[in-house]
J.: 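Pasting a structure here, questions to come.
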Amino acid sequence: HVAVLDFGSQYTQLIVRRVRELGYAAMLYQPEDIAEIGEPGAIILSGGPKSTSDEDAPDIDFEKLKSFDVPVLGVCYGMQLLNIKFGGSVKSSNRREYGPAMLKPNDNVGLYEGISHESQVWMSHSDTVNELPENATVLAANQNGTPVSLKWGDTFYGIQFHPEVTHSHEGNRILHNFLLTAGELAPFHIEDFKREMIAGIKEKVGDKQVVCGVSGGVDSTVLAVLLKEAGVNMRAIFVDHGLLRKDEGDEVRSNFHRMGVEIETIECSGLFLSELEGEGDPETKRKIIGNLFVDVFWEAVGDAQMLAQGTLYPDVIESASNEKSKASVIKTHHNRVQRILDLQEQGKVLEPLAELFKDEVRELGASLGIPADILNRHPFPGPGLAVRCPGVVDEKRLRIIRECDNIFISRLKDHGWYDKVWQAYACLVPVKTVGVKGDERSYEWAINLRAVVSEDAMTADWVELPYQILRETSHRILNEVDGINRVLYDVSTKPPASIEWE
Ligand code: XMP
């Protein structure tokens, strides 16, 4: 396999992902665990936020690294570290070079075989290599003639830019060229990965009881099925806060039944609705729901021996809560609240999906036999329909949203558009306007339809749905749903709009 040593860059896991996309097995390690990486076929040292001149700059056991006798690629910080290890030096700078730069390879061989004469790459660094050791050759420079790629001896390579981000246009090819210098590498199969995960879970859990929260969403579903597959003594808890879509509770229960996983439902819609009563401020609504959810879940958990979470890699890297991790804290996610961090410290939190990205989780889910319709469900926000009901939330409004949403989604499914969009839903616009229904004047609310495509929910674009779908949806809503006399379609991109309305 390819061992990726993590010096704390925000992009480290992307390197792992790219290597897997190229078809090779890859695993992430902390540099101090270098003795545990087994028999790698190639090693990649990631970038990182520190400067090699910092007092607490992460280091590497260079003798051990050399002893593997396999190709090594240092990226950014990794390259600077290698240059120092070989006897060169690094120039510190306070100015960060961030963004696109031009890569000019000296030759079209080895790392740069088939790479354009001038290729856009992505930089994110402040230090640069300074003096080069005797065994170093410069493989490429940037537009100013500064060396941005080195080779030391026969098997050590360094690159200043980040080949793993898509803004480095030929980054994948460069990574691939590096891996080709390694000879035969173990292929990546999600099946192998699954086997390793299951073995790891068994070892960590033993006969302890594990509690996991399920929502019907992809991550928690894959997690629960994985735990079942590992034969873990598990309690799967589903909190129904009453802010779910039409018949969603039943749907989630029947889906888990289909997969042979028993779940416990905690029905507490009354509690949530009464706590939300009269509250119109979006942030206050979110806080009420978030806190109540944790309280209810925690009460159900009791004194469980372990807690499993469907945390994915992006959550981990953004929270940087793993104390060994060298990444900077960007923001703290909901599954990183203090109570969970305390449990984590005691070794009681299990996060088997934490090395994966969403699409890899879907692939894992498929290999676990989870039906496609479950894996392809659209994302749904934790606070549920409350964020699709601007202002105060009550039963009447929720009923209207549920009916309209159900009609819209059924139209998308019937026309084969559900799987083509990232997320689609109906939300209430609680503004009354005048209309005519039958021969009577109507004075009712509007409903808004939203359908977006996105890669990671950070940015999104509205979808040019066929008029036929909009027409059928609108027609049915206006005829079937009491309280609505107007249907709108949201044509806002994110940014500046968000996907949800609150
Ligand atoms: P926004 O509205 O921020 O949404 O553009 C981006 C994506 O995140 C979902 N979302 C949430 N998911 N808890 C969640 O688990 C939340 O509080 C939450 N708020 C928004 C939203 O549905 C979209 O997919």
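Keep in mind the model is a prediction, meaning the values are calculated, not measured. All ligand and atom numbering here is 1-based and tracks the order in the structure.
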J.: Kindly confirm or rule out an N or O of Lys494 lying under 3.5 angstrom from an N or O of ligand 1.
T.: yes
J.: Side chains of Thr433 and Arg486: is there a donor and an acceptor less than 3.5 Å apart?
T.: yes
J.: Would Glu164 and Arg17 count as a salt bridge (charged side-chain N to carboxylate O under 4.0 Å, His left out) here? Give the steps.
T.: CA-CA 9 Å; Glu164 65 277 20; Arg17 180 185 170 141; over 6 Å; no
J.: How about His125 and Tyr77: are their ring centres within less than 6.0 Å of each other?
T.: no
J.: Would you say the side-chain atoms of Trp501 and Asp490 include a donor-acceptor pair closer than 3.5 Å?
T.: yes
J.: Is any N or O atom of Gly382, backbone or side chain, closer than 3.5 Å to an N or O atom of ligand 1?
T.: yes
J.: Return the option from Gln423, Arg450, Glu500 holding the heavy atom at the smallest distance from atom 2 (O) of ligand 1.
T.: Glu500
J.: Is Arg450 positioned over the aromatic face of Tyr489, cation under 6.0 angstrom from the ring centre and no more than 45 degrees off axis?
T.: no
J.: Could you check whether Lys494 makes a cation-pi contact with Trp462, meaning its NZ or CZ is under 6.0 Å from the centre of the six-membered ring and within 45° of the ring axis?
T.: no
J.: Which atoms of ligand 1 are found less than 4.0 Å from any heavy atom of Ser498?
T.: 1 (P), 2 (O), 5 (O)
J.: Say whether Ala457, considering both its backbone and side-chain N or O atoms, lies within less than 3.5 Å of an N or O atom on ligand 1.
T.: no
J.: Between the candidates Ala460, Gly290, Pro381, Ser215, which shows the shortest non-hydrogen contact distance to atom 10 (N) of ligand 1?
T.: Pro381
J.: Find all atoms of ligand 1 within a distance of less than 4.0 Å from any non-hydrogen atom belonging to Pro383, and give their numbers and elements.
T.: 13 (N), 16 (C), 17 (O)
J.: Applying a strict 4.0 Å limit to heavy atoms, is Arg286 in contact with ligand 1?
T.: yes
